[in-house]
Structures are given as C-alpha cells and as structure tokens.
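Down below is the structure, laid out as structure tokens.
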Amino acid sequence: MATKAPNLNKVRNIGIMAHIDAGKTTVTERILFYTGIIHRIGEVHEGEATTDWMDAERERGITITSAVTQFEWADHSVQLIDTPGHVDFTVEVERSLRVLDGVIAVYDGVHGVEPQSETVWHQANRHGVPRIAFINKMDRVGADFGRCVSMIETKLKALPLPLQVPIGVEASFKGAVDLLTRKSITFSEEDRGWDPVVGEVPAGMVDEVEAAREALWDALSLVDDEVAEAYLTDGDVPIELAKAAIRRATIALEAVPVLCGTALRDKGMQPLLDAIVDYLPAPTELPPVKGVHPKTGEPEERSHTSKDPFAALAFKVQMIDGRKLVYFRVYSGKINAGDKVYNVTKDRDERISRLFRMHAIQRQRADTASAGMIVAAAGLKGIFTGDTICDRNHPIVLESIEAKVPVISASIETEKRADKDKLLEVLGKTAEEDPSFRFKVEEDTGEIIIRGMGELHLEIVADRIKSEYNLAARLGHPNVVFRETLVGGGAGEGRFERETDEDEFIFGHVEVRAEPAERGSGNHIDLDDDLGKFKDNIFDAVRMGVADGLQSGPVQGEQVEDVAVRVTAIHVPEGHSVLEPLGYRIAAGIATREAMRNGRGALLEPIMNTEITIPEDAFGSIAGDLAQRGGRIESVDPEGDRQVVHARVALRHMFGYTTSLRSMTGGRGAFTMSFAAYDTLST
C-alpha cells in the first residue's frame, strides 16, 4: 500500500516501561481501544492482550518481547512500543529505548517505584529519553498518589510535576482534577470511560487543588524563568505558557509530568493520551543523530528529515512463522521496498524485499519508509540487532545497542537424538532474535549449553522451542555463568607461518604482556609506542587477534574480563615486504592465550543486586539467611508496615531462594534480582 511520509512535527515515537505487574500492557490495550485501533479490550489476565501475542506471554500473563504498534490521537501519529517488565528481559527495554524519543513510565499506585522501575529509569537516563509518569491502579487498596510522587523524587532523583489531583481514593477513585484548567475529569464504568465528564472542582477539594497548583508553579519555576516571572508578577501562570514550559522541561530532561488513573477500570487514559502529544517530543525537536564515518572515524550526523541521506538502526530481529523480520528506526532519508541498503556494520549490500508497518504480530504492507518511522523489513538476512543500514554513498555508523551479559546456563536436549541438528538450527534463530541469549556445544561431551539472563529466560526459550517449532526440549538444572580474569600478569609470544597452495606466504609473529585491570573496567588492548611503522591493517589484525585470545581463559575456558593486554613487539619476516593481516591476527591470538596461561588466572562470578520486600518482623531471619549466603546488606528502607532490604549476593547462592523466602515470611515476602557486576569467586 502507498505510505504517506508523516508530518514529523506531529510524530511521537514512544514506549511504555515499568516494573512487572504495574499495568503497562493494560495501559497499552486501553490506548489502542480509545484511539480506535481495536474495538474490543483484551485483558492480560485472560491472555487476550493485543501486544502479548506469543503463546508464552498469554499463558504466563507477562510481556516477554517488545511489541510495536501505532495509532492516531489529536491529529498526531504515535508509534508505540510496549516493553517487558521482568528483569530477565531487560534487553528488550534497552534496544527499544535506543530508538525511542519519549517514554511513559507506569507505576503501581500501591507500590510506587519498584526495583525494575529504577532499572528502566536509569536505562532511559543513559539514552537521554524524556518521560512522563502515570500512576496506575489508583483504585486498589493502599494506593497513594502523593507517596508515589515522593518516591519519584527521592528514589529516581527526578523533579516530578503532578498535573492532577485524584478524585477519591481506592474503590472510590473516580478521576482527577486537571491543575492547569481547574476542571475535574471523571469516568463512567457504564461506557468503559469512553466519554470523560468534564466539570468543576468538587467543593471539598478547592483548597487542596489550589495548594497543588501553587506547588506545581513552585516546582516549574525552578526550571523555567518565564513561569517564575509570571508567577511572581501575577500569582498565577496562563495555561498555554504552563504547557509550553512543561514541554520544554520534559524534553530537556529537567522534569517529569505526573498523571494518574486506573487502566483496568478505564479511568485516566484520555488525559494520558493528551500528555503524550503535549509533552513528549517530535523527532524534529531532538538534536541530529550522531555517528562516525566507518573508514575515517570522523564524526557524522544526520538531521531528522527525509532530505538527508538514508540512515537507520536495526534494533530488533524477530522470527515470525520461521521468517526473519528486522525492525529498524529510520532517522533520516527514506527507503522503498525493493531498494538496496548498505549494512555498514558488516560492509555488505542487502535488498529489502518487503516493508511492513507492524501492529503487534499483524503486518501491514508499506511501499516506503521515511525519517521518523519505525518499520519492519523482510529480506535482510545478514542484519542483526545494533547494525546500521544507510546510503552506501553517505556511510555512517550509529551507536550500537549494548548486549547484556548472560549470567545463568543450563543444558538442553531433545527427546529424540535425531532432532539435535534441528534444535541447533532453532537455537541459532533464537540467538539472532535475542542478543542476551547464547548457546554452545561442549567439545568433550557434545552437550548443548544455553545461557541467558535468568531461570525464567531459559524456561521461556524452551517453551518457545516447543510451541513455535514443535520440538520438545528438556532443560537441565540451572548453573552460574562464570567469567575469567587475571590476578597476576604474564607474557606470551605467538608465531604463525604457512604457505598456501597458491604459494602465498602467511606469516605472523607477535609478543604481548597481559596484566590485571581494574574490576569492572573491561578489557584493554594497547600497543607500544615504538610500533608506529606498521600500517593500520596490521594494527587492526593484531587487535582482533588479542580479542580472539580473550574469548577463552586459562582456568576453564570462559570468556575473559578486566584484563589489560599490551602488544610489545610485532616482528617482520626476513625477505618479505608485504604483510598479510591474517597471519598477525592468528599470532596475536596465540600470544594472548599464552600470556593468560603464564599469568595467574581466577574465576569471576556474577553478583546480583537483590531487593527483598518483607514484613518488619521478618528482618532478623532475612538478615541471618543473607549472611549465611555470603550476601551483604547495603541498606534497608521502610515502606509502610514493610521493609525493603537492598543487598548484593552471589548468584550461585540464590538458587531456590523463593522457597526459603516464603518459609521465612509466611508467604508475605517478595524479591527481585538484577545483575550488578562480576567479582572474584569467593570460597
């Protein structure tokens, strides 16, 4: 179908992020309903939500993979990505945030800012994505709007701008008063909130509303001089000035507008939709996207316009019915179905066979994609998450997407030995989809080992293999994924020479020194200053060889972290003036592995940030149990009649913790874990 280029001033590319069970997908479902995209609301708990289309999502009632959809509101085109809330699927949030311009952060009105809420908030900070906050589930017992706003300020270190005051609390929640207009907005359950009722401020709330307005002007004055001047001069702020100031502060990451409602009870959605349009940025309000030239390394940038050369970032790969779809955000220029694109990351051309606008699992054919659009394409076989595609005549490499580190592993096998090759093929497709998933075949035993972000992550992989590929697979017991490092340095030398059948002489001779690096700093590869006579292609080959050598450590063959390798010598063969990079890459790998063996190696284990919510009377038992597990309590925060214990614990000590916590708290405790860092294995 013909695809009209959007008016970029009226485009919003947004996501929804939250802790698990805060109601993200329910909010998405209501948004699609009130904007006319769907005509029947599907509930998460009934397994019928539009964006939870996978069998595993419907069965478990959680979001596993991010889903793209779009809708129209107030003459604006909004592209929306619903992201998972479970910590095991944080990579889905990461790669979505990389291509989004704004976010709705959803919070449970009872629990407020929860652990994964903080994780995704910091992810959004890292990508510089503006946010608005929606306090959901205001109808639940214990819901407290003011407390949630306070938690945004204290836990997230943000400046919240509450734009509403709730009308009623818990079961009596009816809607909210808009502080800018001084109008009440209430919703009827009889028409599923379809026609909000706008009225005057309830008589008993006038003083509360006026106090909240003054607090809003005070807060907004901190970040906007025009508001401060108007407030000091007139004692009030005109609506249009206030909205413009809130928009400026939101886009500048200086403040966060806060609204409230209850998505499940169909209350508060239309004001939230208005806020998306009013306060989140259009692509044209953002600075040009930055990158580098692939050959020179010089800075490059592209403006958010169809007139600049084509540039896009692939942020997601998905297998649907066994076929590969690549999702990408177009930052500049435009592309048509059937066109060739340049995969600058892999230095190869590929052809887009078909373009699609996506609505969860449903595909709508498109003939073109232009700046500001999020689309999916078929035919891009060699493109993966984080690859840049662009105009070959105007190449640019955009910032890629950080791959998360798998921390848990398990063996996997098929019921029939004859299905092993098919299983490996399916695992390969899964790894293409999910950058946080890895697998390998053990050389000695032939056992297949899969790695991921947590037990649920691996269980979901096994479930999908069965449901989507009709291949029954059994998981073994989970194990920790270790890394390796050096605690003592060593030197190594690598030499490689070979003559090919074409009488080509391939040679390499490299010496290196490997030393421990600061924990958490990553690997470092440096060359001695006196090696300047060699060409860049030899340097590049040597660096790649060192990186190859760091893939397998000397203790038990795990990937190496936090090691500094210095190349101390590169030797030239006598009588040969033309050097082949391949030989030097192989030699550098040999030298690095020898240096690691000559040093003193050690295992690193994953340490987890653990947050445990417990009744007050269970603290003694929890503290004693954590001490036995080698954990360290970082802080304890009171939360009503409960306490939140923040601790760091080695992952290998936390298997089976759910059962232990249930026993110690009488079933009243809950916990979450997220990867913190790798540290030296303790005894």
Side-chain angles (χ1 to χ4, degrees), residues 3-17 24 27-28 31-32 35 37 51 66-83 92-106 120 123-132 134 247 250-253 257 272-290 302-306 308 310-316 326-335 355-360 364 366 368-377 385 388-389 398-399 401:
T3 310
K4 183 181 178 182
N7 177 350
L8 285 180
N9 293 317
K10 293 192 173 184
V11 168
R12 302 290 184 270
N13 289 314
I14 68 165
I16 299 187
M17 66 182 194
K24 293 177 295 68
V27 169
T28 301
I31 284 175
L32 296 178
T35 56
I37 299 300
T51 52
S66 55
V68 179
T69 186
Q70 53 268 321
F71 58 87
E72 303 285 327
W73 183 259
D75 197 31
H76 283 66
S77 175
V78 183
Q79 298 173 111
L80 180 147
I81 301 180
D82 179 26
T83 67
E92 291 286 339
V93 184
E94 182 76 27
R95 59 185 178 181
S96 297
L97 285 170
R98 175 63 184 80
V99 298
L100 292 173
D101 302 333
V103 161
I104 304 169
V106 179
V120 296
Q123 285 177 286
N125 279 344
R126 190 165 61 252
H127 290 287
V129 182
R131 277 140 280 177
I132 56 179
F134 181 72
R247 182 179 186 82
T250 303
I251 294 173
L253 306 179
L272 178 60
L273 283 162
D274 289 338
I276 292 169
V277 169
D278 289 341
Y279 305 126
L280 292 179
T284 51
E285 295 173 283
L286 300 173
V289 63
K290 298 184 182 300
R302 299 286 185 270
S303 297
H304 299 273
T305 170
S306 296
D308 267 20
F310 172 71
L313 183 74
F315 69 94
K316 181 179 174 70
V326 176
Y327 291 70
F328 59 88
R329 159 75 186 268
V330 183
Y331 285 101
S332 63
K334 63 180 180 179
I335 198 74
L355 282 170
F356 302 100
R357 302 298 301 277
M358 300 299 295
H359 177 53
Q364 183 181 34
T368 189
S370 55
M373 293 176 66
I374 295 174
V375 296
T385 297
T388 299
I389 53 179
L398 302 176
E399 180 188 354
I401 295 172

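We count residues from 1, following the sequence as given.
Across all their heavy atoms, Ala312 and Val330 have their closest contact at CB-CA, 3.9 Å. Taking every heavy atom of both residues into account, Asp82 and Leu80 meet most closely at N-CD2, 3.8 Å. Considering every non-hydrogen atom in both Tyr331 and Val99, the closest pair reads OH-CA, 3.5 Å. For Arg12 against Leu280, the heavy-atom pair with the smallest separation is NE-O, 2.9 Å. Minimum interatomic distance between Leu355 and Ile335 (heavy atoms only, all atoms of both residues): CD1-O, 3.9 Å. Closest of all the heavy-atom pairs between Thr385 and Ile401 is CG2-CD1, 3.9 Å.
Proximity of Val27 to Lys24: side-chain heavy atoms (C-beta onward) are nowhere separated by under 4.5 Å. Between His127 and Arg98 there is a side-chain heavy-atom pair separated by less than 4.5 Å. Residues Val289 and Ser332 form no side-chain contact, since every pair of their non-hydrogen atoms from C-beta on lies 4.5 Å or further apart. The closest side-chain heavy-atom distance from Asp274 to Tyr279 is not below 4.5 Å. Proximity of Ile276 to Trp73: side-chain heavy atoms (C-beta onward) are nowhere separated by under 4.5 Å. Contact annotation: the side chain of His359 approaches that of Leu32 to within less than 4.5 Å [non-hydrogen atoms, C-beta and beyond]. Taking the side chain as every heavy atom from C-beta outward, Phe71 and Leu273 approach each other to under 4.5 Å. Between Val78 and Thr35 the shortest side-chain heavy-atom distance does not fall below 4.5 Å.
From Ile81, atom CD1 reaches atom CG of Asn13 across 8.0 Å, with rounding to the nearest 0.5 Å. Taken from CG in Leu313 to CG in Leu398, the straight-line distance is 5.5 Å, to the nearest 0.5 Å. Put simply, NZ on Lys334 and CG on Asp308 are 13.5 Å apart, with the number rounded to the nearest 0.5 Å.
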Exercise. Taking it one step at a time, do Glu285 and Arg247 satisfy side-chain contact (heavy atoms from CB on, under 4.5 Å)?
Worked result: CA-CA 11 Å; Glu285 295 173 283; Arg247 182 179 186 82; 2.5 Å; yes
Exercise. Can Ile14 and Ile104 be said to form a side-chain contact (heavy atoms from CB on, under 4.5 Å), step by step?
Worked result: CA-CA 7 Å; Ile14 68 165; Ile104 304 169; 3.9 Å; yes
Exercise. Is there a side-chain contact (heavy atoms from CB on, under 4.5 Å) between Ile389 and Phe310 once you walk through the steps?
Worked result: CA-CA 8 Å; Ile389 53 179; Phe310 172 71; 4.2 Å; yes
Exercise. Can you check side-chain contact (heavy atoms from CB on, under 4.5 Å) on Phe315 and Ile374, steps first, answer last?
Worked result: CA-CA 10 Å; Phe315 69 94; Ile374 295 174; 3.8 Å; yes
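Side-chain polar atoms of Thr284 and His304 form no donor-acceptor pair below 3.5 angstrom.
None of Gln70, Arg329, Arg357 except one satisfies the side chain to side chain donor-acceptor pair (under 3.5 Å) rule with Gln79; the exception is Arg357.
Applying the side chain to side chain contact (heavy atoms under 4.5 Å, CB included) test to Leu253 and every residue at least two apart in sequence or in another chain returns Pro130, Arg131.
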